[in-house]
Structure formats: C-alpha cells, structure tokens
Number of protein chains: 2
Amino acid sequence: MRRKSLEKDACPVARSLEAVGDAWSVLIVREAFAGKRRFGEFERSLRVAKNILAVRLRKLVARGVLEQVPASDGSVHQEYMLTEKGRGLYLVLMAIRQWGEGCGGKTESVLIDRRDRKPVKPLAFHAHDGRELGPGGMELVPASDA
Amino acid sequence: MRRKSLEKDACPVARSLEAVGDAWSVLIVREAFAGKRRFGEFERSLRVAKNILAVRLRKLVARGVLEQVPASDGSVHQEYMLTEKGRGLYLVLMAIRQWGEGCGGKTESVLIDRRDRKPVKPLAFHAHDGRELGPGGMELVPASDA
DNA sequence: CCGTATCCATTCCGATACTG
DNA sequence: CAGTATCGGAATGGATACGG
C-alpha cells in the first residue's frame, strides 16, 4: 500500500497495520516471542536477507515494538527485545494462530498453561457478565458515544 | 515477501499470513464486518484502485474468507459476504484493534455488547481454571506433544 | 455499476560484496 | 557477528481506458 500511509487513519486497526502490517514484521515478532534476540538468529530462522532484516528491525524499534539493549554476553553488539508494547502483540499473534489452526484441518500446535501444562481456553469475547459473545453480538462505537 | 510462499509453512501464523497477510486484505475484511458487500462500497470506502481491489477480492474468495452471492437487490451483480471462516477473523481484527487502542494515548472506539450496551471485557487468555494468563504464563507446543 | 486490461512508476526483495 | 551499500529483477500500486 503506497498511497495512504495509514499512520494517521482514525481506525486503530489501520494504524496498527502501519506498524506491523507486513508479513516480515509479524514473523520477526513471532521469533522474538520464541526467544530470538540477535540479528543473526532472526536472519537464520527466517532466512531473510540482511538488508531487509535490518530495515524491518529498525522500523520495529522506531515503532516501539522492539528495543535495543546491550548484549547479555560481553559482546559489543546489541540485542533486540520486545518492549511492553511489543509484548502486547502476543494476543494478536495467538489470535492469528488460533484462526489458522481453526480452519486448517489438522492442529499443528497447542497453547498450554505453563503452570499446569493444560491447554489454555480458546480466545473469545465475553460480555461484562461473562456470557460469551460472537461477532454478531457486539458493536463497535466511537469512543465519544461512550 | 517473494521467496517463501508461507503457504506450506508449519507455523499456523505464517499460513494465516499467506491468506490475509497484506494490509489491503485486512482492511477489506474490516469493511466487510462493517457491512460492506459491494465492489463499489469497498472501492469508495478504502479508496483503492479497481484492479487491485479485484485481485484482493479474488484472493479472499479463493482463500475461503469471502464468498460471492447473488446481489440482494435485483441487480445482475454479486456481493461479497464473509464466510464462516471469514467471520472467524473477527477475533483477529479486534485483537489488532485492542493493541492499537492500548498504545495510542487516546481511545478511538469501544466495543460494546449489543444486548446491554456495556463494554465488552478486554480480550485476554485464561487458563483452564479461569486464571488470567500473560504471555509468559503460556507455552506453545507441537500438537504431537499433547 | 462491476469489473478487466494496460501502462508506468515505485517499491520491495534477494544476492552479493564490503566494513568494523 | 552485525550490519551497510549497491544492484538487478520481480512484484505491486495507481491511473486510466475500456467493455458488459
């Protein structure tokens, strides 16, 4: 998408897409959640060219999704860590994953609770009183109407 | 992303991205949830060129996200409706929206329950016993280990 | 109104070579 | 190892013109 930058779009969905709306960025964030921190780790696991990896990382840092911190080993290099904001993407990633799993025939992965090793409840919307809600049961209204 | 099609990637996140991993597709789906059905409606609301809209719609239909149905008015034309699978993207869209709202300073929109007009609970993960879980409390394991 | 076809500009991607 | 610089090719996007 070239024309509209989306950056100033009123819709929060559009704005989010401006930050992480390309496939590489999403995959980088996925790897970050998987524990990857170093340039080379991302490079190898994603098999992405150095130059475009560099650009994507810069953008993610600029957007506040990742931050650079001094390497934990003694090296002169930096590591890329998820910020608080970046960690907020976990829900997005898992929503995407859940959708992908849901319609793919066979299940590839299961999200489990670290504590009891049991599967986590599927992501779903709940009303204030706890009722589960489907897409038709909700409505998006401007904040001003609230 | 040219090289790896992602289509055959083991990770469900990557596969999902193959289906709806570009910004236009996401926005089209957003509009579909907003009630848009016709080619011209998408064209105007997104201000996207006809040709690329056509390509995107075709792809979304091919991926089973949208389906074409005869127009509800008497016209000869078709309308694009979300399939069951497509409606599953609601959760994804709202997760993206929630993330965008969460870090933007001011809130643009609120998701409310149609029934009681009260805000819906924020999306979050819950363990089997109901405890709320953060990213660190969960782990993604291959289905074969389950 | 709903697309398809064409053209052109731009952008993106991957490979490679290079630096500290 | 962690990038930067450059380059050619491929894909994409936007505008426009055209057809059913």
Side-chain angles (χ1 to χ4, degrees), chain A residues 1-7 9 14 17-29 31-32 35-63 66-81, chain B residues 1-9 14 17-29 31-32 35-63 65-81:
Chain A
M1 185 164 342
R2 201 147 64 257
R3 178 108 164 255
K4 274 190 318 179
S5 342
L6 293 183
E7 207 153 355
D9 197 299
L17 289 174
E18 205 286 325
V20 292
D22 65 288
W24 279 130
S25 298
V26 178
L27 262 7
I28 289 171
V29 171
E31 293 303 305
K36 304 283 163 58
R37 304 173 159 210
R38 302 288 282 255
F39 190 94
E41 291 183 296
F42 291 112
E43 186 189 3
R44 278 189 302 279
S45 64
L46 296 173
R47 280 186 314 214
V48 55
K50 288 170 183 295
N51 50 357
I52 95 159
L53 176 58
V55 170
R56 285 297 184 284
L57 287 173
R58 244 199 312 274
K59 182 174 179 184
L60 288 170
V61 170
R63 295 291 182 279
L66 297 177
E67 62 183 335
Q68 286 180 290
V69 301
S72 44
D73 60 358
S75 95
V76 294
H77 297 296
Q78 305 276 95
E79 299 187 341
Y80 297 89
M81 300 264 301
Chain B
M1 183 164 341
R2 204 151 60 259
R3 177 105 163 259
K4 273 191 318 178
S5 350
L6 293 183
E7 206 153 359
K8 292 293 184 181
D9 198 297
L17 289 175
E18 204 285 325
V20 291
D22 65 288
W24 280 130
S25 298
V26 178
L27 293 177
I28 289 172
V29 171
E31 293 304 306
K36 305 282 164 57
R37 303 172 162 212
R38 301 289 283 255
F39 189 95
E41 290 183 296
F42 291 112
E43 186 188 2
R44 279 188 302 278
S45 64
L46 296 173
R47 280 188 312 219
V48 54
K50 290 169 182 294
N51 50 358
I52 95 156
L53 175 59
V55 171
R56 284 297 184 283
L57 287 174
R58 241 197 317 273
K59 184 174 177 183
L60 288 169
V61 170
R63 296 292 183 277
V65 173
L66 297 177
E67 61 183 336
Q68 286 179 290
V69 301
S72 44
D73 60 357
S75 96
V76 294
H77 297 295
Q78 306 276 92
E79 298 187 343
Y80 297 89
M81 300 263 300

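Proteins get letters first, then strands, A, B, ... in listed order; numbering begins at 1 in each.
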Give every pair of a protein N or O atom and an N or O atom of nucleotides 1-4 of chain D that lie under 3.5 Å apart, one pair per line with the distance.
{"from": "D/dA2", "atom 1": "OP1", "to": "A/Arg38", "atom 2": "NE", "distance (Å)": "2.3"}
{"from": "D/dA2", "atom 1": "OP1", "to": "A/Arg38", "atom 2": "NH2", "distance (Å)": "2.9"}
{"from": "D/dA2", "atom 1": "OP2", "to": "A/Gly40", "atom 2": "N", "distance (Å)": "2.9"}
{"from": "D/dA2", "atom 1": "O4'", "to": "A/His77", "atom 2": "ND1", "distance (Å)": "3.4"}
{"from": "D/dG3", "atom 1": "OP2", "to": "A/Tyr80", "atom 2": "OH", "distance (Å)": "3.1"}
{"from": "D/dG3", "atom 1": "N7", "to": "A/Lys50", "atom 2": "NZ", "distance (Å)": "3.4"}
{"from": "D/dT4", "atom 1": "OP1", "to": "A/Arg58", "atom 2": "NH1", "distance (Å)": "3.2"}
{"from": "D/dT4", "atom 1": "OP2", "to": "A/Arg58", "atom 2": "NH1", "distance (Å)": "3.1"}

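Residues A/Val26 and A/Val20 share a closest heavy-atom pair of CG2-O, 3.4 Å. Minimum interatomic distance between B/Lys36 and B/Phe42 (heavy atoms only, all atoms of both residues): O-CZ, 3.5 Å.
Interatomic distance, A/Leu17 CG to B/Ser25 OG, rounded to the nearest 0.5 Å: 10.5 Å. Taking CZ from B/Arg44 and CD from B/Glu41, the interatomic distance works out to 6.5 Å, rounded to the nearest 0.5 Å.
By the side-chain hydrogen bond (donor to acceptor under 3.5 Å, both in side chains) test, A/Gln68 pairs with A/Tyr80, sequence neighbours left out. With sequence neighbours excluded, no residue satisfies side-chain hydrogen bond (donor to acceptor under 3.5 Å, both in side chains) with B/Gln78.
The separation between A/Asp22 atom CG and D/dG13 atom C1' is 16 Å, rounded to whole Å. For the pair B/Ile52 CD1 and C/dC7 C1', the interatomic distance rounds to 16 Å; values are reported in whole Å. In this structure, CH2 of A/Trp24 is placed 15 Å from P of D/dA11, rounded to the nearest angstrom. Rounding to whole angstrom units, CG of residue B/Leu53 and C1' of C/dC1 are separated by 13 Å. Rounded to a whole Å, the CG atom of B/Leu66 is 16 Å from the C1' atom of C/dC2.
Sorted by first and then second residue, the salt bridge (charged side-chain N to carboxylate O under 4.0 Å, His left out) pairs with a member in residues 71-80 of chain A read A/Arg37-A/Glu79, A/Arg38-A/Asp73, A/Arg38-A/Glu79; sequence neighbours excluded.
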Quiz: residues 50-59 of chain A side-chain donor-acceptor pairs under 3.5 angstrom, not counting sequence neighbours:
{"from": "A/Arg56", "atom 1": "NE", "to": "A/Asp22", "atom 2": "OD2", "distance (Å)": "2.5"}
{"from": "A/Arg56", "atom 1": "NH2", "to": "A/Asp22", "atom 2": "OD2", "distance (Å)": "3.2"}
{"from": "A/Lys59", "atom 1": "NZ", "to": "A/Glu18", "atom 2": "O", "distance (Å)": "3.3"}

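Distances shown here put every side-chain N or O of A/Arg47 at or beyond 4.0 Å from the OP1 or OP2 atom of C/dG14.
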Both atom distances under 3.5 Å, Watson-Crick or G-U wobble: I'd like the secondary structure of DNA chain C as a dot-bracket string, with | for pairs made across strands. |.||||||||||||||||||
